[in-house]
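Here the structure is laid out as structure tokens; the discussion comes afterwards.
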Amino acid sequence: MKKKGISKKAAKYWAGYAVKILIGLLICTPLLVCFMSAIKTEAEVVNSLGLQALIPPLNPTIQNFIDVCTKVPMHKFLLNTLIQCGTVIVSQVIFCSLAAYALTYFDFRGKNLLFTFILTTMMIPGDVVIIANYIQIQKWNLTNTHLGMALPMLIGGMGIFLMRQYYLTLPRDLREAADIDGCGDMGFFFRIALPLSVPSLAALSIREFITVYNRYFWPLLVTNSENMRTVQLAVAAMKDAEFNSTALDMACAACCIIPVVLVFIIGHKYIVKGMTAGAVKG
């Protein structure tokens, strides 16, 4: 009897699986180098060349993280960043949900033109309007304030588009049944539409958290006080402090990376659900 070998279909499957693992490892390599270097001594980091940077140390240490938190006010930077993220997320959830609901269920003159204008704002790079935003923030005396840092991102076209696409998937029969039961527009919004849109709201919140958390140039532009600096400026603060240590730089970068990685790991399912929620209309 002939031994049955691996079928072509199975071979293609495992080959594709191996390619995906390889691509994933290549993407994660910079993160692994960062974390491995953060728990090594300065001498080990200097002597780790090429693939040796991926090898875990024989005697891991957290002294680099302690030194970073001692020499740079990381807790203050992180608190400022979390305040920014919370402010933007709450504002985006409220205003984008209400705007998307109005564009979905209300009929008024110029609705399509207004939605087209909102979509157009998504095509404009943020760097194009950053000078105009800074001049306006300066005129309003909002530099070195949390409101000044958060103001340009309190509402966005992407959030409105994302929520509108989800509301379009809700069955029209649901809205008609609510009308028959005497549920008004705001009642339908708060009791039915908003609770059902939790996946999209979660996806929007996670997206805005990552976007705000990773901002560097805008906080650097509108703040000149260390008390208002955000976590992404921590590495620059390390350089300004003239600590010539690669291990400390890697530990500082790891401190900046860990919160965003944790948020993405916890909420990546919501991102997928939220982004695909508007694929099919109800």
Side-chain angles (χ1 to χ4, degrees), residues 82-126 128-129 132-133 136 146-147 149-215 218 260 263-264 266-282:
L82 293 179
I83 292 173
Q84 287 295 299
C85 291
T87 303
V88 171
I89 288 171
V90 170
S91 176
Q92 288 263 357
V93 166
I94 294 173
F95 292 115
C96 292
S97 297
L98 290 171
Y101 182 80
L103 290 170
T104 304
Y105 291 101
F106 294 170
D107 291 323
F108 54 89
R109 184 177 297 178
K111 182 174 77 170
N112 293 331
L113 180 62
L114 177 60
F115 183 63
T116 302
F117 177 75
I118 292 172
L119 293 180
T120 303
T121 62
M122 296 168 54
M123 310 301 168
I124 302 174
V128 174
V129 296
N133 288 339
Q136 195 62 56
H146 285 293
L147 181 59
M149 283 194 287
L151 194 59
M153 296 193 67
L154 293 182
I155 188 168
M158 182 62 188
I160 296 174
F161 173 76
L162 180 66
M163 296 307 301
R164 178 182 177 273
Q165 292 305 108
Y166 181 80
Y167 290 144
L168 288 174
T169 65
L170 297 179
R172 292 291 175 179
D173 294 342
L174 200 62
R175 183 72 179 90
E176 294 173 359
D179 287 337
I180 294 173
D181 290 339
C183 186
D185 291 318
M186 289 296 96
F188 178 77
F189 174 74
F190 285 109
R191 296 178 184 176
I192 300 174
L194 202 60
L196 291 176
S197 63
V198 168
S200 292
L201 292 175
L204 175 61
S205 300
I206 294 168
R207 178 186 178 274
E208 293 305 319
F209 176 87
I210 294 174
T211 301
V212 176
Y213 190 91
N214 289 331
R215 287 191 306 176
W218 179 250
V260 127
V263 168
F264 183 79
I266 295 171
H268 72 281
K269 293 182 179 179
Y270 289 105
I271 294 177
V272 176
K273 289 180 181 178
M275 292 299 179
T276 58
V280 180
K281 288 186 179 183

query = Between the side chain of Ser91 and the main-chain N/O of Val88, is any donor-acceptor distance below 3.5 Å?
reply = no

Heavy-atom closest contact (Phe188 atom, Ala178 atom, distance) = CD1-CB, 3.6 Å

inquiry  = For Met153, is there any backbone N or O sitting under 3.5 Å from a side-chain donor or acceptor partner on Gln92?
reply    = yes

query = Is Val93 close to Ser205 at the side-chain level, that is, under 4.5 Å between some pair of heavy atoms?
reply = yes

query = Does any N or O in the side chain of Glu208 come within less than 3.5 Å of the main-chain N or O of Cys85, such that one atom is a donor and the other an acceptor?
reply = no

key: Tyr166 side chain vs Leu196 backbone, donor-acceptor pair below 3.5 Å   = yes

task = For the pair Asp185 and Tyr101, evaluate side-chain contact (heavy atoms from CB on, under 4.5 Å) and give the outcome as yes or no after the intermediate values.
result = CA-CA 9 Å; Asp185 291 318; Tyr101 182 80; 4.1 Å; yes

ask   = Are more than 12 heavy atoms from other residues, nucleotides or ligands located less than 6.0 Å from atom OH of Tyr213?
value = yes

Asp179 CG to Leu174 CG distance, which is reported to the nearest 0.5 Å = 10.0 Å

inquiry  = Could you check whether any side-chain heavy atom of Phe108 comes within less than 4.5 Å of a side-chain heavy atom of Leu114, counting everything from C-beta outward?
reply    = yes

query = What's the shortest heavy-atom distance between Cys96 and Leu204, and which atoms?
reply = CB-CD2, 4.3 Å

inquiry  = Testing the basics here: between Thr121 and Gly157, what is the closest heavy-atom pair and its distance to 0.1 Å?
reply    = OG1-CA, 4.2 Å

key: Leu170 and Ile192, any side-chain heavy atoms less than 4.5 Å apart   = no

query = Do the side chain of Arg215 and the main chain of Met149 share a donor and acceptor less than 3.5 angstrom apart?
reply = yes

query = Given side chains that start at C-beta, do those of Phe95 and Leu154 come closer than 4.5 Å, heavy atoms only?
reply = no

Rounded distance [0.5 Å steps], CZ in Phe209 versus CZ in Phe264 = 13.0 Å

key: Any His146 side-chain heavy atom under 4.5 Å of Thr87 side chain   = no

ask   = Do Met122 and Leu119 come within less than 4.5 Å of each other through their side chains, counting heavy atoms only?
value = yes

message = Tell me the closest heavy-atom pair linking Arg172 and Leu168, and the distance in Å.
response = NH2-CD2, 4.4 Å

key: Spatial distance of atom CD (Gln165) from atom OG1 (Thr104) [nearest 0.5 Å]   = 8.0 Å

key: Considering all heavy atoms, the nearest Met163-Leu201 contact   = CE-CD2, 3.5 Å

inquiry  = Quick check: Tyr105 with Phe189 (ring centres under 6.0 Å apart)?
reply    = no

